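Here is the structure we will look at.
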Amino acid sequence: MSTHKSNTPSRATGRQFFFNPGPTHIPDSVLRAMHRPTIDFMAPEFKEVLTRVHERTKRVLKTEQHLLYYGTNGHGAWEGSLANVFSPGDKMLMIESGHFSINWAQMARELGLEIEVLPGDWRLGVPSGALEERLRQDTGHDIKGVMVVHNETATGLAHPIGDIRAEMNAAGHLAMLLVDTISSLASFDFRFDEWGVDLAVGSSQKGMMMITGLSFVGISERALAASKDAKITRSFVDWRQMTTVEPQRFPGTTPVHLFYGLEEALGILEAEGLDNVFARHGRLADAVRAAVKHWGGGARSGIQINNGEFSGTVEAIELLCADSTRTSDTVTAVMTPTGFDANEFRRIALDRYNLSLGQGLGPLAGKAFRIGHLGDLNEPMVLGAIATIELAMRESGLAHKSGGTEAALASLSA
Ligand SMILES: *Cc1c(COP(=O)(O)O)cnc(C)c1O
């Protein structure tokens, strides 16, 4: 029997439970795959790796069209997608969903594009049919691109990209479809070719289970053709030089080690099988949502978030995403009762229990926290995180109905 009973665990023990929605846990074998001596990035053995990884990444995007990598984080590929296809003054329609949609739109503005926001409540997204209606009004086809964040990591809302394409087709509109898949790719379903996507931006450090620093853009034939006439000033991200050598040429040194890591990560995904990866993410997300709903006692406040402004009062813990058909399988944003500081709760989870959770972004700062559940995760990890969240709720005085962990267990064993 221990004579040193203490309720204050030390942060130095055990592994950090990292439940941010990106970056994510990196499997040890991925880290090991990068632990190798330097080789010449022009060496034939590396070219083979690059060629293989290129083909296998395309299979994750489900495309037989084009793919280019950038040695940057997702922001670099955001720029690389826009700057190569459009010209200053081109009009873009951004489907509003939250922090990431707004930031991508802001980047487009800075590149000289004209942005119209198709407004949506951050808890619900843009209602279905609104895009088709807006595009039908654009009889002169002034709108050159529709931008959408597949999985809005700030709010935990996932968009039905196939339906969005169907609305564009129904309106008979010729705009390109640009999709940010950074926090959805390799975690839930995405089909570049089938859904008629023209540009898809992905990144290494989320569902792809890799370190940060490699991103990519899926490119349709049409988008590649449009890049010949695009007038936005560009150099580093310019496809004209990148596509001159197959499978791709980097402006400068190719980040060789990143490709060895990515190859291992792709191998892990392929061994599990993408459909099984998606099913696992769905199962784990259901468990997280079951816990959150239980903690809040089924509260539905009816508060709205328009333009980043809250209207109404949050009485009890609640899922931020209020449309059960659009809840994300990779991240769950949780609203905390009005007046409670969600960051104080996060600090306790981290300082006392070594559990790292995502913060509320932009106007959600202090009002919400986020549980990332994507990448290299399984049931024990998610259950550990849920139980520890409940512990930190008690510790921080965050009002909740106890038993969320039981609700997650019930969800997983149903
Ligand atoms: C993380 C994220 C980004 C930003 O990616 P970085 O690699 O941090 O630049 C963009 N969009 C979405 C949806 C994200 O989740």
Side-chain angles (χ1 to χ4, degrees), residues 18-26 57 60-61 68-83 92 94-111 120 122 125-126 146-161 164 177-190 192 197 199-218 236-237 255 258 261-262 265 281 285 320-321 326-333 356-362 364 368-375 377:
F18 195 83
F19 276 75
N20 276 283
T24 66
H25 287 280
I26 304 164
T57 309
V60 175
L61 266 96
L68 290 171
Y69 294 97
Y70 290 110
T72 72
N73 64 13
H75 277 73
W78 261 1
E79 183 154 341
S81 66
L82 294 165
M92 311 290 283
M94 167 52 87
I95 296 181
E96 182 182 6
S97 53
H99 182 80
F100 286 96
S101 69
I102 284 174
N103 282 12
W104 195 17
Q106 182 54 28
M107 175 183 274
R109 257 182 224 111
E110 284 159 13
L111 292 171
W122 288 14
V126 168
V146 171
M147 298 166 70
V148 59
V149 176
H150 188 194
N151 183 69
E152 176 53 77
T153 321
T155 62
L157 180 139
H159 286 108
I161 302 298
I164 285 172
L177 176 57
L178 285 70
V179 186
D180 169 342
T181 70
I182 295 177
S183 63
S184 53
L185 196 69
S187 301
F188 58 86
D189 201 12
F190 179 72
F192 187 97
V197 176
L199 284 157
V201 182
S203 200
S204 55
Q205 79 280 19
K206 297 191 183 178
M208 303 293 279
M209 305 181 290
M210 254 286 284
I211 64 169
T212 310
L214 194 63
S215 62
F216 39 87
V217 186
F236 177 77
V237 299
L258 295 179
L262 185 58
H281 280 81
L320 195 143
C321 181
R326 290 185 170 192
T327 47
S328 160
D329 282 348
T330 60
V331 52
T332 298
S356 177
L357 296 166
Q359 61 181 326
L361 291 175
L364 303 175
F369 67 92
R370 293 173 304 144
I371 308 165
H373 33 85
L374 72 165
L377 287 184

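What you see is a predicted model, and the numbers here were worked out from it, not measured in a lab. Order of listing sets the numbers, starting from 1, for every ligand and every atom in it. In what follows, residues are counted from 1 in the order of the sequence shown.
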Query raised in the report: With backbone taken as N, CA, C and O and side chain as the heavy atoms from C-beta onward, which portion of Asn151 lies under 4.0 Å from ligand 1: side chain, backbone, both, or neither?
Result: backbone

Query raised in the report: Hey, is ligand 1 close enough to Trp78 that some N/O pair sits below 3.5 Å?
Result: no

Query - Any donor-acceptor pair under 3.5 Å from Ser81 side chain to Val201 backbone - result: no

Query raised in the report: Does some non-hydrogen atom of Glu152 fall short of 4.0 Å from ligand 1?
Result: no

Report task. Answer yes or no: is there a donor N or O on one side and an acceptor on the other, between the side chain of His99 and the main chain of Leu364, under 3.5 Å? Result -> no

Report task. Say whether, by atom type as modelled, one donor and one acceptor occur between the side chain of Thr155 and the main chain of Gly98 under 3.5 angstrom. Result -> no

Requested in this report: Report, in ascending order of atom number, the atoms of ligand 1 lying under 4.0 Å from any heavy atom of Ser183.
Outcome: 13 (C), 15 (O)

Query raised in the report: If you measure from CD1 on Ile95 to CE on Met147, what distance do you get to the nearest 0.5 Å?
Result: 10.5 Å

Query raised in the report: Between Phe190 and His150, is the ring centre distance below 6.0 Å?
Result: yes

**Report entry** N/O donor-acceptor pair under 3.5 Å between Gln205 side chain and Met210 backbone
**Finding:** no

Query raised in the report: For ligand 1, is there an atom lying under 4.0 Å from some heavy atom of Ser203?
Result: yes

Query raised in the report: Considering only the protein, which heavy-atom contact is closest to atom 13 (C) of ligand 1, and what is its distance?
Result: Thr153 OG1, 3.2 Å

Requested in this report: Using modelled atom types only, decide if a donor and an acceptor are shared between the side chain of Glu96 and the backbone of Ser101 within a distance under 3.5 Å.
Outcome: no

Query raised in the report: Which residue and non-hydrogen atom of the protein lie closest to atom 6 (P) of ligand 1, and at what distance in Å?
Result: Gly74 N, 3.3 Å

Query raised in the report: Does the Ser328 side chain pair with the main chain of Thr330, one donor and one acceptor, at a distance under 3.5 Å?
Result: yes

Query raised in the report: How far is atom 12 (C) of ligand 1 from its nearest protein heavy atom, and which residue and atom is that?
Result: Asp180 OD2, 3.4 Å

**Report entry** N or O contact, Phe100 vs ligand 1, cut-off under 3.5 Å
**Finding:** no

Report task. Check Lys206 against ligand 1 and report side chain, backbone, both or neither, counting heavy atoms closer than 4.0 Å. Result -> side chain

Report task. Look at atom 9 (O) of ligand 1 and say which protein heavy atom is nearest, naming residue and atom and giving the distance to 0.1 Å. Result -> His75 ND1, 2.5 Å

**Report entry** Gln205 N/O under 3.5 Å from ligand 1 N/O
**Finding:** yes

Query raised in the report: Would you call the rings of Phe236 and Tyr70 parallel, tilted or perpendicular, where under 30° means parallel and over 60° means perpendicular?
Result: tilted

Query - Per-residue contact class, Val149 against ligand 1 - non-hydrogen pairs under 4.0 Å - result: side chain

